[in-house]
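Everything quoted here is computed from the prediction, not taken from an experiment.
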Amino acid sequence: MEPFSIVLPNQQSIAASLWTSAAPTAVVLLHPGTGITQRYYEPFARYLAAAGFYVVTYDYRGTGRSRPASLRGFEVTMADWIEDDVAAVTCWAAGRFPQLPLLAVGHSLGGHALALNSTTNLLRGAVLVASHAGVTATVTGLAERLRIGLVMRVLTPLLTTIYGYMPARKLGLGEDLPAGVMRQWSRWTALPRYFFDDPAMDAQARMARVRTPLLVLGFADDPWANPHAIGMLVAPLVNASVARRQVAPRDAGLAAIGHMGFFRQRAGALLWPRVVDWLRDKATAPKESS
């Protein structure tokens, strides 16, 4: 694994890692979920590298190795991650490896970015894992809806005002997050159609421009990325070839998968080979015109 950094025009930087392979056939970019650092994806990255891919993992600005000394006053939004961080990583890979096909796997928010970002059309194919329109009202289970409502509607405005960022670690909710990210996310979760109801995102039109083949994975025990919420996200991808697969844990020989389980090593032997086969197929297929 080789660490590197990508410096953006505003001089903020993205900390990334390149996982190398002896005879690479393509490059796979791993776009993380919200509040999840690249370390979480290491087992999957190692698996992909062993399967013959170069792999790029990274941390969104303000998280993991991309976190500054202080998050108080650090300005970045979730839209910035979607638009700028993902584009910067994609363009870096396209410039560094012009002879290799580009592919991507996006987890949750990372899948949102793949559906919205103009650089997605540089890819031969992309996999969206547990990506959905994150509307609180669509979450399965009353207790989980109430929990999310408490975090988004009560704790987010209170704690980001007190601390200047979201102290998620103190709450056992993953990585601390910049205030701008958390506040925007909170606003989107309260809208009937998530960021589709945010005029500044122009989400529907942007998704209609995506023509890259997509594999969309959902899991039957994921209360957030349930079939309805996944459908809300992918419906505007009218010009992309979208293959949806819904996986029940018992059918995969697992006790649980949920929102996070696809990337855990115990899922690897059962879930990862099919994704690798799909990525290989797209890497060797002719690039679809954009």
### Task
For Thr138 and Asn226, work out which heavy atoms get closest and say how close.
O-ND2, 2.8 Å
#### Entry: Contacts of Asp198 that satisfy salt bridge (Lys or Arg N to Asp or Glu O under 4.0 Å) - sequence neighbours left out
none
### Message
Using the rule ring pair (Phe, Tyr, Trp, His ring centres under 6.0 Å), only one of Tyr47, Phe263, Trp278 pairs with Trp272; which is it?
### Response
Tyr47
### Query
Under the 3.5 angstrom rule, does the side chain of Asn117 hit a backbone N or O of Ile82 as a donor-acceptor pair?
yes
### Query
Minimum heavy-atom separation for Phe262 to Ile257, with atom names?
N-CG2, 3.8 Å
### Task
Please round to the nearest 0.5 Å and tell me the distance separating atom OG1 of Thr212 and atom CG of Leu103.
10.0 Å
### Query
So, the side chain of Asn239 versus the backbone of Arg211: is there a donor-acceptor pair under 3.5 Å, distance only?
no
### Query
How close do Val27 and Ala93 get, heavy atom to heavy atom, and via which atoms?
CG1-CB, 4.5 Å
### Task
For the pair His259 and His132, name the ring-plane relationship: parallel under 30°, tilted 30 to 60°, perpendicular over 60°.
perpendicular
### Pair Tyr58 and His31, ring centroids less than 6.0 Å apart
yes
### Query
Got a donor-acceptor contact below 3.5 angstrom from the Thr156 side chain to the Arg153 backbone?
no
### Task
Would you indicate whether Arg147, at its atom CZ, is surrounded by more than 12 heavy atoms from other residues, nucleotides or ligands within a distance under 6.0 Å?
yes
### Query
Above 12 or not: heavy atoms from other molecules or residues under 6.0 Å from OH of Tyr163?
no
### Task
In plain terms, say whether Asp197 and Arg193 are close enough for a salt bridge, that is, a side-chain N and a carboxylate O under 4.0 Å apart.
yes
### Message
Applying the side chain to side chain contact (heavy atoms under 4.5 Å, CB included) criterion to Leu217, which one of Val105, Leu271, Val129 satisfies it?
### Response
Val129
### Message
Ignoring hydrogens, what is the shortest heavy-atom contact between Arg61 and Ser13? Give both atom names and the distance.
### Response
CG-O, 3.7 Å
### Task
State whether Asp59 and Arg67 are salt-bridged, where the test is any N-O pair (Lys NZ or Arg NE/NH1/NH2 against Asp/Glu carboxylate O) under 4.0 Å.
no
### Query
Would Tyr41 and His107 count as a side chain to side chain donor-acceptor pair (under 3.5 Å) if you check the C-alpha gap in whole Å, the side-chain angles of each, and the deciding distance to 0.1 Å?
CA-CA 10 Å; Tyr41 303 99; His107 180 206; 2.7 Å; yes
